[in-house]
Each structure stands twice: as structure tokens, then as C-alpha cells.
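Report on the following structure.
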Protein chains: 4
Amino acid sequence: MVKIVGIAGSLRAESYTHQALHLAVQRVEALGAEVEILDLRKMNLPFCDGGDEYPEYPDVKRLQESVKQADGLILATPEYHGGISGVLKNALDLMSFEELSGKVVGAISILGGQSNSNSLNQLRVVMRWVHAWVIPEQIAIGEAWKAFDKEGKLLDNKLSERLDKFAVSLVENTRKLRGVG
Amino acid sequence: MVKIVGIAGSLRAESYTHQALHLAVQRVEALGAEVEILDLRKMNLPFCDGGDEYPEYPDVKRLQESVKQADGLILATPEYHGGISGVLKNALDLMSFEELSGKVVGAISILGGQSNSNSLNQLRVVMRWVHAWVIPEQIAIGEAWKAFDKEGKLLDNKLSERLDKFAVSLVENTRKLRGVG
Amino acid sequence: MVKIVGIAGSLRAESYTHQALHLAVQRVEALGAEVEILDLRKMNLPFCDGGDEYPEYPDVKRLQESVKQADGLILATPEYHGGISGVLKNALDLMSFEELSGKVVGAISILGGQSNSNSLNQLRVVMRWVHAWVIPEQIAIGEAWKAFDKEGKLLDNKLSERLDKFAVSLVENTRKLRGVG
Amino acid sequence: MVKIVGIAGSLRAESYTHQALHLAVQRVEALGAEVEILDLRKMNLPFCDGGDEYPEYPDVKRLQESVKQADGLILATPEYHGGISGVLKNALDLMSFEELSGKVVGAISILGGQSNSNSLNQLRVVMRWVHAWVIPEQIAIGEAWKAFDKEGKLLDNKLSERLDKFAVSLVENTRKLRGVG
């Protein structure tokens, strides 16, 4: 069974990034994958100091172990200043090849303004660096404050269909690349 | 008088990134600029939660005020996984146009392995996004563990000359673009 | 007097890229700059073979000489497949530091679909490489087929204002950085 | 059987890019793939004008047909000014989703100076745009003029091993993603 870990790089209480991650997770679960969401708002992670050991922060190990056992990842980031959030990058900095290499990754970005690919491009370069696979399908949700309805669904049907294809690609290609059922 | 703020995106005690920043600062001061170093290791900054107010963290205001009053910045980052450190990105996330727009920026990256421009390119996109100017001269120090001598100077003369030109460009062009003495 | 050279990286007869370049040129001229447009549709340029000499193609010299004598450039590219057009990149490949270094550059991209910064980011990296300055203000015109009115003006007022600011920044900062009147 | 098409984005007679492509092709063939090299030096391709039809240039069709029938691609580019060669980008501009979507791509760059990932990153963004898969393994050959021995082999053993892994990844993952033998 395909195991996916979902991480959203936002610490906001009412976060569109978590909402988008949630929508992606629903779709991926419907396709038969097992998903664990690591909610950075509920984890106590330190800033990465370049070292390997964070004995006072057991959540570092939890992050590392969950990601290590996964086949794939959904990484959702708010785009801050044309880039990945520092929060998400820091979580990635706390891991390395051991956890991330060979994983199949779907990337989502959420923007306050117009849609753009800046943070998705950066995620692609970063995840490549640790030899992960980032699927070609990617999601950028612009003007996030008006993108969702009251039930948290995407108002734009085209975008919603893109998210469907994103989920299918992530699950199917994780199966192919990882050889899991 | 040109005011420069220097920020290194590493929290390591013995950090090559801080060492590189120090070398750049020396050169920039020798050219008549006034430099303030904001040492993130000695500041207590929170993870950015997308909000504007961090009343429990007075260092956020200190960061914002210092950068706001500066004409230029030296941003030095360790390259983690082909990207800017989360630590540095998070510090930038805590600021916005008010502090960063129109600033003249020199970017430096420090790598454990071979030299590369990944994090410099990302910094360029991010700083452009807040309408800062990033000077064309940029410094990537590869294999940092063997790049410095015991006194903290660069062993590679060519790289050292690049750093000279970097400093000259930063000070001269900050003068031109900001109209300061 | 500020001298600007404008180049559009499209060979289409009815090209939105040339239209956008034209609008930028009008604004830049109104601010007192002298502009020469090099129309690649009317020039006979070879594919760059990595060499320096193209005796059978006098337009290579013409391209090089015009750019060499300019203070600044407006580079407008259609975004093909998330990148600069090969046509524009090839024209840039036919030049080098001698022509491009130190120039102040404004970058514009034209897209058939949604606006995005992919080709602008690439132009920024490429022009930095030859030590040119790319101004922070940049223009991406999405869904170009419905962006212009019959007289060739931009229908979106916000975008038109962005182009105003783009032109002001290009001319003013070329003056500052190049020390020309 | 896995079908791979190799394209080198250099028109130089004695080209290191073609040499690097040749080394990659040898390895990929040894792993059981069928390879066709499309030598742009021997093809007569026009500059892309944004249109679909180039009746005077039958090589456009040849390029399109060969790539369309392939499962994977090796794209090798000289890095000119921190970017893909215009020659290679123009060849890609002459194709689209029909030819490129779903293909598995290995990317190689050749540099006169120090190794860097600028053109590889651009290729990754461009190929993602047409929904191709770019494998995480990538090759940058710096200071190409001293990288090869008289027989055209790589002098640096580590780099040669990287190329081995690149070839294995390309063939194995093309098999997995395309479901071919």
C-alpha cells in the first residue's frame, strides 16, 4: 500500500495551505493510499542548526521517522516573497537523503496574489537535490482568500480537476517508481 | 554614509557562513560603509506564522527596524539541500516591502560540497519579489571546510578577489542607487 | 542621454511580444531616453555555434555594436514551455560580457496562458551571469490574446500602470547606475 | 524495449557536449536501451516562429516524429551565459506536449568554467512544463576542456560513476514509468 506523508508549511490557525493539503489528501486516500499528515502547528521543531541531533526536540525524530517510512510526500507551501516558507524549508533542513531520497513528491503552493510558480520551482530544485522525484503535475492556488467555498472546496472547477489529476499522478507514479501496491 | 546590515542564515556555533559574512563586512567597512551585523544566533526569533505582530518576540521589531534603516544588505546563507536555509528564509518572511523594498543586496552562499548557484538564484528571486536590487556580483564558497585559513581568511586568491569586487560593487552601487554619500 | 536597445524574442508577424515591447519603448522615450529597436524578424542571425566570428552574417556585428553602445536593454520574450524563447536566448548567446556587462535591463514576458515568472526568472539568471543589472520591476502579460485593445494598448489598467513604473525605474536607475543624463 | 533519443544543444564541430552525450548513450545502450541521436549539426532546423507548420524544413517533422516515438530523452546542453543554449531551446520550442509530455528525461550540461546547475535547473522547469519527468540524477561537467582524455572518456572517476548512475536511473525509471521492457 502506498504511504504518503503530507506536510503544510504554514503555521496560521486558519490556513489555506492546510486546506489545500486537506483536499489533496482526501483525493489521494480515495485512490487507496494511506496518508499521515504531520501538522507543523502541533509539532515542536527547532530551527535547524546544521547538526544531526536535537535531543530536546523529540518531534525531530518523529518527523524523520514518518517521512523515512513513506513512499511519497505532499508538500504544500504558502508562497512568501516569491519563495517556499522558511517554516517548510526548515522542516526539510532537519532531514536529509536518508529520509527524502527516492521519495515521490507532489508540490502545492498557495498565494495571496496572482498564481505563480516561484516556490514550486524552488521546491523542485530542493527535492531534486536530495534525489526525490517531483511529479510534473503541480498546483498553484492564487488569490487563496477567494479560492475556497464555505465547505473548504475549490471554487474553480478547472483547478479542482487539476488537483484530481495531481492526486492520480502522485498515487499511480509512486506505485510505479516504488514498486508498491 | 552608506548603511549596510549583514545577516548570516546559520545557527552553527563555528559557522563558515558567519566567517564569510565577516570577511565581506570587513571589506565593506574599509570602503567607508557603516555595518551592523544581526546575529541570528543571539536573537530570539519565532517561526513566521503569516501575521504581522509578534509581541512576545521584541527581536522581530529589532530585525525590522535595523533593516528598514539600512541602505543595503549582505545576506549570507549556508546552502542546505540546494536552497537557502530555512533560518534565513524565515527571517526574511518576518519582514516585507516596508523593510526590504529598494534595498541593495549582496548575496553569499556557503556549501559543504562543490560550489553552485542554487541558493543564490533563489535569494535573487525572493529579493526581487520585494523589489530589492541584488548586485550582479555574488559569492559562492564551495567545500567551505577547506576554504579558510586559521585566521579565517580565504585561501583561494581568486575567490578573495571576487569578494573584493563584491564589496566594491555593493558600496558603490548602493551609493548610486540610494543617493547616499 | 540614456540609450536603450529593445529586443523582442519572437519571430511571429503579428506578435504580442513586439506589441508589448512597443508599449514599453513609447514610455521610455517619453521619459527622455533614446531607443533603438532591433527587430529579429528583419535581421539575419545564425544559430550560435560557440564561436566568435560569423563573417557571413553582418547582422551579428550590428547586434553586438548596438547593444555595446547602449546603457540599457528592454528584453521581451514570449514564454515558450516555461522558458525564454530559443530565438532570444540565441541572440544573447551571440553576445558576451563585452556587450552585456554592466547594462541595466528591463524584462518582459508574454504568455498564452496564465501569467507566470518562469522566463523572467531565467532572464534574470542569464543577465546576472554576464553581470548586467535586471531591474526589480518586471512585466508578465498573461493570456496575451485578450490583453490588448485594437490600438495595441493594454486593457488591464493595473498592468498598464505596472508598465509605467517599469519604464520609470528603467530610465531613472539606468541614469543612476550608468551616470548618464 | 526502451527507446531513447539523444539531443546535444551545440553546433560546434569539436563539441564537448556531443562527447558527453556520446558517453551517456554508450552506457544507456549497454543497459539494453535503443538510442537514436539527433545531431542538430546535421539537421536543417528553422528558428521557431510560434507556428506549427514548417513545410520548407522537413527536419522539423523528423525531429518531432523521433521524439514522439521515444520513451525517454537525453538532453545535453552547453551552458551559455548561465542558461540552456538557444540552439537547444529552439529545438524544444519546435515541439510541444504531443512529442514531449510523459517522456523521461536525463539532463546533462557542459561548462567552460566551474560546474553549476543553472542550465540544468532551467531544463527541469521547461521539461516539467510539458509534463515530462526529469530524473533526479543529473550531470554537470565543468571546465570541459580538461574533462576528457584523448579517447573521449571522462578523466574524473567520480564524475564517470555519476554518469553510470545517471544511465541506470534513466533506463530503469523509464521502464517503470513507461511500462516498457
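Most heavy-atom pairs under 4.5 Å with chain C: of the set B:Asn121, B:Val130, B:Leu177, this distinction falls to B:Leu177. When each of B:Glu137, B:Arg175, B:Met127, B:Gln138 is scored by its heavy-atom pairs under 4.5 Å with chain C, the top score falls to B:Gln138.
Heavy atoms of B:Glu172 lying under 4.5 Å from chain C are absent altogether. For chain C, no part of B:Leu120 is nearby; none of its heavy atoms comes within less than 4.5 Å.
For the atom pair C:Asn173 CG and B:Lys176 NZ, the distance stands at 12.0 Å (nearest 0.5 Å). With rounding to the nearest 0.5 Å, the separation of OG in B:Ser117 from CZ in C:Arg128 is 6.5 Å.
Residue B:His131 qualifies as enclosed at atom NE2: its count of foreign heavy atoms under 6.0 Å is above 12. Other residues, nucleotides and ligands place no more than 12 heavy atoms under 6.0 Å from the CD atom of C:Gln114.
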Inset, instruction - Could you please spell out the steps behind the side chain to side chain contact (heavy atoms under 4.5 Å, CB included) verdict for B:Val134 and C:Trp133? - result: CA-CA 8 Å; B:Val134 186; C:Trp133 291 79; over 6 Å; no

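The two residues C:Ala132 and B:Pro136 make their nearest non-hydrogen contact at O-CG, 3.4 Å.
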